[in-house]
Amino acid sequence: MAEERPKYLIKAGKRLDGRKPGDARPMKIETGVIENAEGSAMVEFGKTKVVAAVYGPRDIHPKHMMRSNRTLVRARYDMLPFSVEDRKRPGPGRREREISKVLSETLNTAVFVEKFPRTAIDVFISVIQADASTRVAGLNAASVAMADAGLPMRDLVVSTSFGKIHDEKGKGHMVVDVFKPEDNWGMADIAYAKLPNLDKYVLLQMDGNVTKDEFFKGLEMADKSLDDIYKAQVAALKKKYMEGSK
Ligand code: CDP
């Protein structure tokens with residue numbers, strides 16, 4: 001039976017999990033989690049848990065995808081059957097294919113792709129526990145995993161979500177890092193990614209409606225959160241290499 005829409009998702013400035021509008025969930029970023037991969041990382045945003053593994057540059061199959069002047073960064077996003085409450089059918093469906101395409105496009109912007117012509121860099125993004133915002137968690141994991149693999153990058157990719165949720169009077173409020181009830185019952189949710197040092201927007205996807213003012217308010221909150229994510233990404237990479245150099 002479908003759950004009923006809650007009367008509110010925010011009341012007196014507090015969201016259902018107690019967060020304030022601008023608060024992200026507790027975050028954890030770790031690198032070097034899969035030994036067999038060239039680079040890897042795990043990202044947790046609250047209960048959302050995602051692992052990324054990078055292989056390549058390597059031969060590209062099918063061959064017709066080969067580009068003579070560049071490598072192709074190919075992200076494959078997968079949500080594992082046990083990652084959601086109702087078991088998810090294994091394998092990529094329409095949603096996974098679309099997300100993989102969008103994440104591939106985003107990740108290609110961060111890599112000096114012309115350095116490795118005629119090859120592919122494969123990035124496997126596996127959602128092992130889903131509580132919304134999995135694609136943006138996946139992008140952060142992929143970005144750290146690519147840096148961990150030693151790929152030449154023009155910048156890291158930092159990513160978060162923001163959205164609009166209703167209070168008890170039905171009024172919308174902008175919030176950062178949407179979790180499942182907010183994704184299900186909220187008025188809008190937006191996936192957002194940026195190359196932070198180049199100040200370039202590389203992903204913006206929206207479900208729902210917001211006004212222009214609401215959008216920019218959400219963006220400002222999200223940018224604050226991206227600063228923290230960038231710091232956590234750099235710290236995770238430094239930690240691994242400092243440990244490695246001991
Ligand atoms: O995860 P993300 O917010 O990037 O993408 P979404 O398509 O908006 O999905 C939101 C959330 O719905 C996921 O993170 C899962 O928690 C949940 N979901 C699910 O339970 N079963 C699915 N087949 C797809 C999504």
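All values below were derived from every heavy atom in this structure, side-chain atoms included, with hydrogens, water molecules and symmetry-related copies excluded. This chain uses plain numbering: 1 for the first residue, then up along the sequence. Note that ligands are numbered from 1 as they come in the structure, with each ligand's atoms numbered from 1 the same way.
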Checking H173, K7, K171, R5 against H166 for side chain to side chain donor-acceptor pair (under 3.5 Å), the one that qualifies is R5
Exercise. Any sub-3.5 Å donor-acceptor pair from R74's side-chain atoms to A120's backbone N or O?
Worked result: no
Which residue holds the protein heavy atom closest to [atom], what is that atom called, and what is the gap in Å?
atom: atom 20 (O) of ligand 1; answer: V84 CG1, 3.3 Å
atom: atom 4 (O) of ligand 1; answer: R135 NE, 2.8 Å
atom: atom 12 (O) of ligand 1; answer: K180 CE, 3.5 Å
atom: atom 15 (C) of ligand 1; answer: A130 CB, 3.7 Å
atom: atom 9 (O) of ligand 1; answer: R95 NH2, 3.4 Å

Taking only non-hydrogen atoms of A132, do any sit less than 4.0 angstrom from ligand 1?
yes
Discussion item. Yes or no: does M79 have any heavy atom under 4.0 Å from an atom of ligand 1?
Written reply: yes
With the 4.5 Å side-chain cut-off for hydrophobic clustering, are V178 and F162 part of the same group? no
- Query: Do Q233 and N140 have a side chain donor and acceptor closer than 3.5 Å?
  - Reply: yes
Open item on the list: If only side-chain N and O atoms count, and only distance matters, is there a donor-acceptor pair under 3.5 Å linking R95 with Y77?
Closed with: yes
| Does CG belonging to D17 count more than 12 external heavy atoms closer than 6.0 Å? | yes
* To do: Run the salt-bridge test on R58 and E38 with the 4.0 Å N-O cut-off and return the result as yes or no.
  => no
Does a side-chain N-to-carboxylate-O contact under 4.0 Å join D177 and R25? yes
The answer for which part of E85 has a heavy atom under 4.0 Å from ligand 1 is neither
Logged contact type for T134 with ligand 1, heavy-atom cut-off 4.0 Å, is both
Review point. Taking both backbone and side-chain atoms of D183, is any N or O found less than 3.5 Å from an N or O belonging to ligand 1?
Key: yes
**Request:** Please say whether K88 places an N or O atom under 3.5 Å from an N or O atom belonging to ligand 1.
**Result:** no
Atom 3 (O) of ligand 1: of S133, A137, P81, G163, the nearest heavy atom sits on S133
